[in-house]
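Chain letters run A, B, ... following the sequence lines, proteins first, then strands; residues in each count from 1.
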Amino acid sequence: MNKDNLPVRSYKGTRDFYPMDMCYRNWYFSKVREVVEGFCYEEYHTPLLEPYEVYAAKSGDEVAGEQLYCFEDKGGRKIAIRPELTPSVARLVAARLEELTFPLRWYSIANVMRYEKPQKGRLREHWQVNVDIFGADEIEAELEIISIISRIMHTFQAKPDMFRIKINNRKFFTDVLTDVLKVKNTDVKTISRIVDKKAKMSQEKYYDWLKETGLTQDKIELLDKIFSSNLEEIIRMIHIDSKGANELSRLFQLLDETGLLRYCEFDFSIVRGFDYYTGTVFEVYDTSPENRRSLFGGGRYDNLVSMFKQRNISGIGFGLGDVTFQHFLEGNDLIPDKIYKSQQVLIARFPDVPVSEYFKLAEDLWSVHVKTSIYFSAHDKLGKQLKFAEKKGYSLVIILGVDELKENKITIKYLDSTTQVTVKRDECAGKIKEFPG
RNA sequence: GUGAGUGUAGCUCAGUUGGUUAGAGCGCCAGUCUGUGGAACUGGAUGUCGUGGGUUCAAACCCCAUCACUCACCCCA
């Protein structure tokens, strides 16, 4: 082994997709695509690179700062690799604001990168399905998004007890904090950060942190009471007319009426990291403790398009990450074997038959869309060629030796059994088409 | 960036209180079998024991450093 050889591993936190991995990925994406296109969503695609400023303003400190891959291009422009898709799609919408017909239903499947320490369910590069609605202020847009999520889960045969859609509302959260807890507007963000982490830290640490922000003991107790209350009870605690409360109760009413409520629950601790969310926020969790990270995350954002244009258009959408979702599917044994596609026909070679004969045969099959390849070495023994075919996952081997050539026949050998059949050359394609799969 | 764990054949791993030539299973290659695969049997190849230093008569094993990977924290899909 040469020490000077380059490493074969992919860059830290990124994955190579070998053919087998692509079988899975294509299967997974095509199922998601089928669902969102069923809801009349249109696909778009944006560049991997965006101007740095697109993320600097709205994405949240951590993602825009530490986790952003950014550099100067040769012209001295500050460039970032996208850490998420939402600002890009907002840019697309803003650029054609005047000519687009709203509301828009758009989706994209693309890779994003964040500079972080790789661990279970979190890599530096992952593939994300991004689904958004632009220009629909109605709560029905929320309903549609939740409906798409549940249908995606249903498409993968996920049972209701395998996942939970946890819903909150940023406006509601702020109203509760400022009205019920009398927290200053400027402290809402700090407290939302702490609340966001509540589930992942110890009780003591949680209380200590809250105290540091200036929350008194009775306020902390009140916050605990809020967490142990259901949505109706919290709404009753508010004295002002809360738009967020109205949105939430209307949404849950609709979820109930449409039967989607069994997948959903109100969760006051869901606030989400991105600064741009303004209304409904939600995350989807695997109920298995083995896979603790959120599968989907999203919400409503009112001010993202206005970053690019004076006029504003509201948006709501979600991202679905492939890494955690794969863990979800594996953990629940929801990946069928049949997604790993096999090859179809291998044409075996004999040294005393000219290769042009084999090409003629192959062309007959290619022309009727039978996946076919010709063995390269004419001198390998038939046994070796069959072993190769079996290992590679071919279903059929065509045998055309001097005997068959003389009689203008070929032999089709079925690899999943021990049977074979000899037919006339011009019946070959038809016979193979009869073979299932 | 902080903390913990793991690094031995292509893969999964064993390797005793430090003791001669480094082990297994799977996989790979060849043969038994010159026009018939999966099974069986026989044989074969493959290791800077992550890297560098130290302790010792002697290191895969002990110590230090370093790198890589994994997990957790932070943040997020």
Side-chain angles (χ1 to χ4, degrees), chain A residues 1-3 7-13 59-68 82-86 109-131 149 193-194 196-197 200-202 205 209 270-275 277 281-286 290-299 317-328 346 348-353 375 378-405 411-420 422:
Chain A
M1 225 170 276
N2 185 351
K3 237 183 172 175
V8 293
R9 294 191 68 107
S10 65
Y11 168 68
K12 191 183 184 75
S59 288
D61 305 329
E62 186 86 16
V63 169
E66 289 297 305
Q67 297 195 341
L68 196 67
R82 59 184 171 208
E84 54 156 339
L85 258 28
T86 313
I109 297 173
N111 53 342
V112 300
M113 295 192 79
R114 290 178 202 167
Y115 192 83
E116 61 184 325
K117 205 152 188 175
Q119 58 201 285
K120 188 170 185 183
R122 285 298 178 272
L123 303 175
R124 286 187 175 176
E125 181 192 38
H126 78 279
W127 288 74
Q128 193 167 294
V129 178
N130 220 247
V131 175
I149 291 173
R193 286 269 154 117
I194 300 169
D196 198 27
K197 292 163 199 160
K200 284 180 188 165
M201 60 179 150
S202 67
K205 206 179 163 193
W209 208 343
I270 300 292
V271 282
R272 301 195 43 73
F274 289 133
D275 289 345
Y277 291 116
V281 285
F282 53 86
E283 289 183 38
V284 182
Y285 282 90
D286 190 338
E290 298 294 309
N291 189 24
R292 289 171 53 243
R293 296 170 192 283
S294 60
L295 268 34
F296 300 65
F318 65 82
L320 163 59
D322 71 327
V323 181
T324 28
F325 201 74
Q326 187 169 354
H327 288 149
F328 171 78
L346 180 72
R349 295 278 300 280
F350 292 92
D352 38 13
V353 175
Y375 197 83
H379 298 283
D380 283 348
K381 286 190 294 185
L382 185 58
K384 188 175 174 177
Q385 298 188 44
L386 288 170
K387 254 183 205 167
F388 170 82
E390 210 234 328
K391 214 177 335 174
K392 282 285 186 185
Y394 285 92
S395 309
L396 309 171
V397 172
I398 294 183
I399 296 167
L400 171 56
V402 277
D403 302 346
E404 285 88 353
L405 192 65
T411 296
I412 301 167
K413 185 167 176 63
Y414 299 88
L415 286 181
D416 55 356
S417 63
T418 52
T419 57
Q420 60 184 51
T422 301

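Contact check for H379(A) versus K384(A): no side-chain heavy atoms found under the 4.5 Å cut-off. Considering only heavy atoms from C-beta on, P118(A) comes within 4.5 Å of K12(A) through its side chain. R82(A) is listed as a side-chain neighbour of N111(A), based on a closest heavy-atom distance under 4.5 Å.
The two residues K120(A) and R293(A) come nearest to each other via the heavy atoms O-NE, 2.8 Å. Heavy atoms only, all atoms of each residue included: N291(A) and D286(A) are closest at ND2-OD2, 3.0 Å.
Place Y277(A) and L386(A) on RNA chain B by their nearest nucleotides, and L386(A) ends up nearer the 5' end.
Counting any heavy atom pair closer than 4.0 Å across all strands shown, V402(A) reaches a base atom. Among the heavy atoms of the strands, none lies under 4.0 Å from T86(A). Among the protein residues, Y414(A) comes within range of the nucleic acid bases, having at least one heavy atom under 4.0 Å from a base atom. Residue F296(A) is in sugar-phosphate contact alone, with no base atom involved, counting any heavy-atom pair closer than 4.0 Å across all strands shown. Note on T418(A): a base of the nucleic acid sits closer than 4.0 angstrom, heavy atoms only. Using a 4.0 Å heavy-atom distance criterion, I399(A) is classed as a base contact. L320(A) comes within 4.0 angstrom of nothing in the nucleic acid, heavy atoms only. Within the 4.0 angstrom heavy-atom criterion, only backbone atoms of the sugar-phosphate kind lie near G297(A); the bases stay farther away. Within the 4.0 angstrom heavy-atom criterion, no nucleotide atom of any strand lies near E125(A).
Between the CZ atom of R293(A) and the P atom of A77(B) there is a distance of 12 Å, rounded to whole Å. Computed from coordinates, the R292(A) CZ to A77(B) C1' distance equals 15 Å when rounded to whole Å. Atom pair I412(A):CD1 and G37(B):P shows a separation of 19 Å (rounding to whole Å applied). To the nearest angstrom, P of U36(B) lies 15 Å from CG of L415(A). Rounded to an integer number of Å, the gap from I109(A) CD1 to A77(B) P is 18 Å. Taking atom CD of residue E116(A) and atom P of nucleotide U2(B), one finds them 17 Å apart after rounding to whole Å. G37(B) atom P lies 14 Å from atom OH of Y375(A), rounded to whole Å. Between the CZ atom of F388(A) and the P atom of G35(B) there is a distance of 19 Å, given to the nearest Å.
Across G18(B) and A24(B), the matching P atoms stand 24 Å from one another, rounded to whole Å. Only the C1' atoms considered, G31(B) is 30 Å distant from C13(B), to the nearest whole Å. Spacing of P atoms, G25(B) relative to A68(B), comes out at 35 Å, to the nearest Å. If you take atom C1' in A40(B) and the same atom in A58(B), they sit 45 Å apart, rounded to whole Å. As rounded to the nearest Å, G23(B) and C64(B) have C1' atoms that lie 29 Å from one another. Annotation: C33(B) and G47(B) have their P atoms spaced 32 Å apart (nearest Å). Separation of the C1' atoms belonging to U6(B) and U66(B) is 16 Å when rounded to the nearest angstrom. Annotation: U21(B) and U36(B) have their P atoms spaced 48 Å apart (nearest Å).
Checking each of F296(A), F318(A), F328(A) against V284(A) for a side chain to side chain contact (heavy atoms under 4.5 Å, CB included) leaves exactly one that passes, namely F296(A).
Taking only side-chain atoms of E390(A), from C-beta outward, the nucleotide of G37(B), A77(B), C73(B) with the closest atom is G37(B). With distances taken from any side-chain atom of D403(A) to the nucleotides U34(B), G35(B), A77(B), the minimum falls on G35(B). Of the candidate nucleotides A77(B), G38(B), U36(B), A77(B) has the atom nearest to the side chain of H126(A).
Under the 4.0 Å criterion applied to side-chain N and carboxylate O atoms, E116(A) and R124(A) are not assigned as salt-bridge partners.
In this structure E390(A) satisfies the side chain to side chain contact (heavy atoms under 4.5 Å, CB included) test with no other residue, sequence neighbours excluded. When the side chain to side chain contact (heavy atoms under 4.5 Å, CB included) test is applied to A389(A), the partners found at least two apart in sequence or on another chain are L346(A), Y394(A), V397(A), L415(A). Residues passing the side chain to side chain contact (heavy atoms under 4.5 Å, CB included) test with T411(A), sequence neighbours excluded: I399(A), E404(A), Q420(A), T422(A).
No donor-acceptor pair closer than 3.5 Å links the side chain of D322(A) to the backbone N or O of Q128(A). Between the side chain of R272(A) and the main chain of E283(A), no donor-acceptor pair closer than 3.5 Å is present.
The structure places CG of D380(A) at 11.5 Å from CZ of F350(A), a figure rounded to the nearest 0.5 Å. A distance of 9.5 Å separates CG in L386(A) from OH in Y375(A), rounded to the nearest 0.5 Å.
For U34(B), the base has no donor-acceptor partner in the side chain of K381(A) [N/O atoms by modelled type, under 3.5 angstrom]. The base of U36(B) lies outside donor-acceptor range of the side chain of Q385(A), with no N or O pair under 3.5 Å.
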Pairs under 3.5 angstrom, nitrogen or oxygen only, protein versus nucleotides 28-30 of chain B, please.
| residue | atom | partner | partner atom | Å |
| --- | --- | --- | --- | --- |
| A30(B) | OP1 | K384(A) | NZ | 3.3 |

Measure all distances between protein nitrogen or oxygen atoms and nitrogen or oxygen atoms of nucleotides 69-71 of chain B, and list the pairs falling under 3.5 Å.
| residue | atom | partner | partner atom | Å |
| --- | --- | --- | --- | --- |
| C69(B) | OP2 | K12(A) | NZ | 2.7 |
| C71(B) | OP2 | K120(A) | N | 3.2 |

> Tell me, what's RNA chain B's dot-bracket, Watson-Crick or G-U with both distances under 3.5 Å, | for other-strand, [ ] crossing?
Replying inline: (((((((..((((.....[...)))).(((((.......))))).....(((((..]....))))))))))))....
